[in-house]
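What you see is a predicted model, and the numbers here were worked out from it, not measured in a lab.
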Amino acid sequence: MYFYTMINRTIVRDQVREYLLTQMREGKLNAGESVNLAALARTLKVSVTPVREALTQLQQSHVIEAIPNRGFFMKELSHDEAKNLYELVAQLEVLALEQSEFDADAIANLRTQQRLIQESVHPLDRINAYMEFHRLLTKNYKNTVAQQILGDLKTRVFLYEKAFMSDESFYYNSDNQHEAIISAIEDDNVPSAALVLKMNWYLVQDYIAKQLVVL
(Lines give C-alpha, C1' and ligand atoms only; values in the text may rest on other atoms or scores of the structure.)
Protein backbone atom coordinates (compact mmCIF):
# COMPACT_ATOMS: atom_id res chain seq x y z
CA MET A 1 0.00 0.00 0.00
CA TYR A 2 2.83 2.42 0.88
CA PHE A 3 4.58 1.69 -2.43
CA TYR A 4 1.32 2.25 -4.31
CA THR A 5 0.82 5.57 -2.53
CA MET A 6 4.36 6.65 -3.41
CA ILE A 7 3.73 5.89 -7.09
CA ASN A 8 0.48 7.86 -7.08
CA ARG A 9 2.15 10.81 -5.38
CA THR A 10 4.98 10.74 -7.91
CA ILE A 11 2.50 10.75 -10.78
CA VAL A 12 0.64 13.71 -9.27
CA ARG A 13 3.91 15.55 -8.64
CA ASP A 14 4.91 15.14 -12.28
CA GLN A 15 1.49 16.32 -13.41
CA VAL A 16 1.76 19.41 -11.21
CA ARG A 17 5.24 20.11 -12.59
CA GLU A 18 3.98 19.83 -16.16
CA TYR A 19 1.04 22.10 -15.30
CA LEU A 20 3.44 24.76 -14.02
CA LEU A 21 5.65 24.45 -17.10
CA THR A 22 2.59 24.82 -19.32
CA GLN A 23 1.57 27.93 -17.37
CA MET A 24 5.03 29.37 -18.10
CA ARG A 25 4.88 28.51 -21.80
CA GLU A 26 1.47 30.18 -22.04
CA GLY A 27 2.82 33.32 -20.38
CA LYS A 28 0.75 32.94 -17.21
CA LEU A 29 3.76 32.69 -14.88
CA ASN A 30 6.53 35.27 -15.14
CA ALA A 31 9.86 35.99 -13.49
CA GLY A 32 9.51 37.41 -9.98
CA GLU A 33 5.91 36.29 -9.45
CA SER A 34 4.92 34.31 -6.37
CA VAL A 35 3.58 30.77 -6.59
CA ASN A 36 1.08 30.13 -3.81
CA LEU A 37 1.42 26.50 -2.76
CA ALA A 38 -1.96 26.23 -1.02
CA ALA A 39 -3.84 28.07 -3.78
CA LEU A 40 -2.23 25.88 -6.42
CA ALA A 41 -3.23 22.73 -4.52
CA ARG A 42 -6.83 23.99 -4.34
CA THR A 43 -6.88 24.86 -8.04
CA LEU A 44 -5.60 21.42 -9.04
CA LYS A 45 -7.64 19.64 -6.34
CA VAL A 46 -4.62 17.80 -4.94
CA SER A 47 -2.85 17.78 -1.60
CA VAL A 48 -0.02 20.22 -0.88
CA THR A 49 2.59 17.44 -0.70
CA PRO A 50 2.96 16.72 -4.45
CA VAL A 51 2.70 20.46 -5.15
CA ARG A 52 5.58 21.14 -2.78
CA GLU A 53 7.57 18.33 -4.38
CA ALA A 54 6.94 19.72 -7.88
CA LEU A 55 8.00 23.20 -6.76
CA THR A 56 11.11 21.74 -5.13
CA GLN A 57 12.01 20.01 -8.39
CA LEU A 58 11.67 23.27 -10.26
CA GLN A 59 13.75 24.93 -7.56
CA GLN A 60 16.53 22.42 -8.26
CA SER A 61 16.24 23.38 -11.94
CA HIS A 62 16.70 27.06 -10.94
CA VAL A 63 13.27 28.00 -12.26
CA ILE A 64 11.67 28.48 -8.85
CA GLU A 65 13.28 29.86 -5.71
CA ALA A 66 12.14 29.32 -2.13
CA ILE A 67 12.49 32.41 0.05
CA PRO A 68 12.37 31.67 3.80
CA ASN A 69 9.19 32.91 5.50
CA ARG A 70 7.83 34.12 2.15
CA GLY A 71 7.25 31.05 0.01
CA PHE A 72 7.97 30.07 -3.60
CA PHE A 73 8.71 32.58 -6.35
CA MET A 74 9.56 32.46 -10.02
CA LYS A 75 13.25 33.25 -10.04
CA GLU A 76 14.25 36.78 -11.11
CA LEU A 77 16.25 37.29 -14.31
CA SER A 78 19.85 38.43 -14.12
CA HIS A 79 22.70 39.37 -16.46
CA ASP A 80 25.16 36.88 -14.97
CA GLU A 81 22.70 34.00 -15.09
CA ALA A 82 21.78 34.77 -18.69
CA LYS A 83 25.43 34.65 -19.74
CA ASN A 84 26.10 31.35 -17.98
CA LEU A 85 22.78 29.86 -19.07
CA TYR A 86 23.08 30.60 -22.77
CA GLU A 87 26.71 29.55 -22.94
CA LEU A 88 25.88 26.20 -21.33
CA VAL A 89 22.84 25.57 -23.52
CA ALA A 90 24.92 26.39 -26.61
CA GLN A 91 27.61 23.90 -25.59
CA LEU A 92 25.12 21.13 -24.79
CA GLU A 93 23.15 21.63 -28.00
CA VAL A 94 26.33 21.57 -30.07
CA LEU A 95 27.33 18.33 -28.35
CA ALA A 96 23.87 16.87 -28.98
CA LEU A 97 23.93 17.92 -32.63
CA GLU A 98 27.37 16.43 -33.20
CA GLN A 99 26.17 13.10 -31.77
CA SER A 100 22.87 12.98 -33.69
CA GLU A 101 21.78 11.52 -37.00
CA PHE A 102 19.21 13.14 -39.29
CA ASP A 103 17.13 11.36 -41.88
CA ALA A 104 14.90 12.97 -44.52
CA ASP A 105 11.92 13.10 -42.14
CA ALA A 106 13.94 14.83 -39.42
CA ILE A 107 15.13 17.47 -41.89
CA ALA A 108 11.60 17.96 -43.22
CA ASN A 109 10.34 18.47 -39.65
CA LEU A 110 13.00 21.12 -39.07
CA ARG A 111 11.97 22.97 -42.22
CA THR A 112 8.29 22.79 -41.23
CA GLN A 113 9.10 24.12 -37.78
CA GLN A 114 11.17 26.95 -39.24
CA ARG A 115 8.19 27.98 -41.36
CA LEU A 116 6.03 28.00 -38.23
CA ILE A 117 8.50 30.41 -36.59
CA GLN A 118 8.34 32.71 -39.61
CA GLU A 119 4.55 32.54 -39.83
CA SER A 120 3.92 33.15 -36.11
CA VAL A 121 2.13 36.42 -35.44
CA HIS A 122 2.01 36.49 -31.65
CA PRO A 123 5.42 36.85 -29.90
CA LEU A 124 4.66 34.00 -27.49
CA ASP A 125 3.76 31.65 -30.35
CA ARG A 126 7.00 32.61 -32.10
CA ILE A 127 9.08 31.90 -29.01
CA ASN A 128 7.43 28.51 -28.47
CA ALA A 129 7.99 27.66 -32.14
CA TYR A 130 11.63 28.72 -31.79
CA MET A 131 12.10 26.52 -28.71
CA GLU A 132 10.46 23.58 -30.50
CA PHE A 133 12.87 24.00 -33.44
CA HIS A 134 15.79 23.58 -31.06
CA ARG A 135 14.12 20.60 -29.39
CA LEU A 136 13.75 18.90 -32.77
CA LEU A 137 17.37 19.73 -33.56
CA THR A 138 18.64 17.83 -30.53
CA LYS A 139 15.94 15.23 -29.80
CA ASN A 140 17.88 12.32 -31.34
CA TYR A 141 20.77 12.69 -28.91
CA LYS A 142 20.79 9.46 -26.91
CA ASN A 143 22.32 10.75 -23.65
CA THR A 144 19.25 10.87 -21.38
CA VAL A 145 21.10 12.62 -18.53
CA ALA A 146 22.23 15.43 -20.82
CA GLN A 147 18.74 15.66 -22.31
CA GLN A 148 17.25 16.10 -18.84
CA ILE A 149 19.77 18.82 -17.98
CA LEU A 150 19.17 20.54 -21.30
CA GLY A 151 15.41 20.41 -20.81
CA ASP A 152 15.70 21.99 -17.36
CA LEU A 153 18.00 24.72 -18.66
CA LYS A 154 15.66 25.52 -21.53
CA THR A 155 12.79 25.94 -19.10
CA ARG A 156 14.76 28.81 -17.65
CA VAL A 157 15.81 30.06 -21.09
CA PHE A 158 12.15 30.35 -22.03
CA LEU A 159 11.59 32.97 -19.33
CA TYR A 160 14.38 35.13 -20.78
CA GLU A 161 13.03 34.69 -24.28
CA LYS A 162 9.54 35.65 -23.16
CA ALA A 163 10.76 38.73 -21.30
CA PHE A 164 12.95 40.15 -24.07
CA MET A 165 12.26 38.54 -27.43
CA SER A 166 9.01 40.23 -28.46
CA ASP A 167 10.72 42.28 -31.22
CA GLU A 168 10.07 40.23 -34.36
CA SER A 169 12.74 42.13 -36.33
CA PHE A 170 15.36 40.36 -34.21
CA TYR A 171 14.36 37.02 -35.71
CA TYR A 172 15.61 37.98 -39.18
CA ASN A 173 19.22 37.03 -38.40
CA SER A 174 18.10 34.06 -36.33
CA ASP A 175 15.98 32.78 -39.23
CA ASN A 176 18.98 32.98 -41.56
CA GLN A 177 21.02 30.97 -39.08
CA HIS A 178 18.31 28.32 -38.78
CA GLU A 179 18.22 27.99 -42.56
CA ALA A 180 22.00 27.63 -42.60
CA ILE A 181 21.84 24.92 -39.94
CA ILE A 182 19.27 22.92 -41.92
CA SER A 183 21.23 23.30 -45.16
CA ALA A 184 24.44 22.15 -43.49
CA ILE A 185 22.66 19.09 -42.06
CA GLU A 186 21.28 18.30 -45.52
CA ASP A 187 24.83 18.48 -46.89
CA ASP A 188 26.00 16.15 -44.10
CA ASN A 189 28.26 18.97 -42.87
CA VAL A 190 27.72 18.63 -39.13
CA PRO A 191 30.74 20.81 -38.13
CA SER A 192 29.27 23.76 -40.05
CA ALA A 193 25.81 23.15 -38.58
CA ALA A 194 27.32 23.04 -35.08
CA LEU A 195 29.23 26.28 -35.64
CA VAL A 196 26.13 28.13 -36.84
CA LEU A 197 24.11 26.67 -33.95
CA LYS A 198 26.60 28.05 -31.44
CA MET A 199 26.51 31.44 -33.21
CA ASN A 200 22.71 31.36 -33.03
CA TRP A 201 22.65 30.95 -29.26
CA TYR A 202 25.37 33.57 -28.78
CA LEU A 203 23.39 35.99 -30.97
CA VAL A 204 20.41 35.59 -28.63
CA GLN A 205 22.64 35.82 -25.56
CA ASP A 206 24.17 39.10 -26.76
CA TYR A 207 20.76 40.58 -27.52
CA ILE A 208 19.34 39.65 -24.12
CA ALA A 209 22.45 40.86 -22.29
CA LYS A 210 21.96 44.29 -23.85
CA GLN A 211 18.30 44.32 -22.79
CA LEU A 212 19.25 43.42 -19.20
CA VAL A 213 21.72 46.32 -19.09
CA VAL A 214 18.87 48.69 -19.97
CA LEU A 215 16.78 47.51 -17.00
Side-chain angles (χ1 to χ4, degrees), residues 21-22 24-27 77 81-144 146-214:
L21 293 176
T22 299
M24 294 176 208
R25 288 191 289 265
E26 293 178 352
L77 308 180
E81 185 197 40
K83 181 178 185 298
N84 294 333
L85 185 62
Y86 277 87
E87 287 179 357
L88 185 53
V89 169
Q91 296 295 334
L92 284 174
E93 277 211 354
V94 165
L95 175 63
L97 177 62
E98 291 173 339
Q99 300 295 320
S100 298
E101 295 182 0
F102 297 88
D103 57 18
D105 287 341
I107 294 170
N109 288 337
L110 286 170
R111 287 209 175 280
T112 298
Q113 193 60 36
Q114 178 57 19
R115 285 196 297 272
L116 289 176
I117 297 173
Q118 295 169 334
E119 294 169 359
S120 296
V121 176
H122 192 280
L124 194 57
D125 292 337
R126 190 181 306 114
I127 292 166
N128 277 308
Y130 175 89
M131 299 297 287
E132 176 62 11
F133 176 89
H134 282 266
R135 189 193 70 80
L136 291 173
L137 196 61
T138 59
K139 75 169 190 173
N140 291 329
Y141 184 41
K142 303 303 183 184
N143 188 319
T144 56
Q147 287 285 17
Q148 179 63 54
I149 294 170
L150 190 55
D152 288 345
L153 291 172
K154 284 184 177 179
T155 298
R156 187 64 181 157
V157 162
F158 176 82
L159 295 176
Y160 282 88
E161 305 273 316
K162 179 179 177 298
F164 300 112
M165 302 291 286
S166 60
D167 183 1
E168 67 180 69
S169 64
F170 170 82
Y171 282 89
Y172 177 77
N173 286 333
S174 187
D175 284 344
N176 289 341
Q177 289 175 332
H178 284 176
E179 293 290 351
I181 291 169
I182 298 171
S183 295
I185 291 172
E186 281 184 317
D187 294 338
D188 199 24
N189 189 347
V190 173
S192 291
L195 178 61
V196 179
L197 175 60
K198 182 182 287 188
M199 290 170 57
N200 181 243
W201 278 114
Y202 281 12
L203 173 73
V204 180
Q205 176 198 10
D206 183 64
Y207 178 84
I208 286 179
K210 289 175 181 176
Q211 304 307 306
L212 283 166
V213 168
V214 173

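More than 12 heavy-atom neighbours from other residues, nucleotides or ligands sit within 6.0 angstrom of CG on Asp187.
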List the atom pairs, donor and acceptor, that lie under 3.5 Å between side-chain atoms in residues 85-95 and the rest of the protein, sequence neighbours left out.
from: Tyr86; atom 1: OH; to: Glu161; atom 2: OE2; distance (Å): 2.6
from: Glu87; atom 1: OE2; to: Lys83; atom 2: NZ; distance (Å): 2.8
from: Glu93; atom 1: OE1; to: His134; atom 2: ND1; distance (Å): 2.9
from: Glu93; atom 1: OE1; to: Trp201; atom 2: NE1; distance (Å): 2.8
from: Glu93; atom 1: OE2; to: Lys154; atom 2: NZ; distance (Å): 2.4

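Side-chain contact check for Gln113 versus Leu110: every heavy-atom pair is 4.5 Å or farther apart. At a threshold of 4.5 Å between non-hydrogen side-chain atoms, the residues Met131 and Val157 count as touching. Counting only heavy atoms from C-beta outward, the side chains of Phe102 and Ile182 never approach each other to under 4.5 Å. Within the 4.5 Å cutoff, side-chain heavy atoms of Leu77 are placed close to those of Phe164.
Counted by atom type alone, Tyr160 and Glu81 present one or more donor-acceptor pairs between their side chains at under 3.5 Å. For Glu132 and Asn128, the side-chain atoms include no donor-acceptor pair closer than 3.5 Å. A donor atom on one side chain and an acceptor atom on the other are found under 3.5 Å apart for Gln114 and Asp175.
In this structure, OG1 on Thr144 lies 10.0 Å from CD1 on Ile149, to the nearest 0.5 angstrom. Expressed to the nearest 0.5 Å, how far CD1 of Ile185 lies from CG of Leu197 amounts to 8.5 Å. Here the straight-line distance linking atom CD1 of Ile181 with atom CG of Asn176 works out to 11.0 Å at 0.5 Å rounding. Atom-to-atom distance recorded for Ile127:CD1 and Arg25:CZ is 13.5 Å, nearest 0.5 angstrom.
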Legend entry - Thr112 and Arg115: CA distance, side-chain angles, deciding distance, side chain to side chain contact (heavy atoms under 4.5 Å, CB included) verdict: CA-CA 5 Å; Thr112 298; Arg115 285 196 297 272; 3.3 Å; yes

Inset, instruction - Would you please test Gln147 and Asn143 for side chain to side chain donor-acceptor pair (under 3.5 Å) and show each step? - result: CA-CA 6 Å; Gln147 287 285 17; Asn143 188 319; over 6 Å; no

Inset, instruction - Please test Glu179 against Arg111 for side chain to side chain contact (heavy atoms under 4.5 Å, CB included), starting from the C-alpha separation and ending with a verdict. - result: CA-CA 8 Å; Glu179 293 290 351; Arg111 287 209 175 280; 3.1 Å; yes

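The pair Lys210-Asp206 counts as a salt bridge, with a side-chain nitrogen and a carboxylate oxygen less than 4.0 angstrom apart.
Looking at every heavy atom in both residues, Glu186 comes nearest to Ile107 through CG-CG2, 3.5 Å. For the residue pair Leu116 and Ser120, the shortest heavy atom distance occurs at O-OG, 2.6 Å. Ala82 and Ile208 get closest at one heavy-atom pair: CB-CG2, 4.4 Å. Contact detail for Tyr141 and Ser100: the closest heavy-atom pair is N-OG, 3.5 Å.
Annotation: side chain to side chain donor-acceptor pair (under 3.5 Å) contacts of Asn189 (sequence neighbours excluded): Ser192. In this structure Glu26 satisfies the side chain to side chain donor-acceptor pair (under 3.5 Å) test together with Lys28, sequence neighbours excluded.
No side-chain donor-acceptor contact under 3.5 Å links Asn200 to the backbone of Val196.
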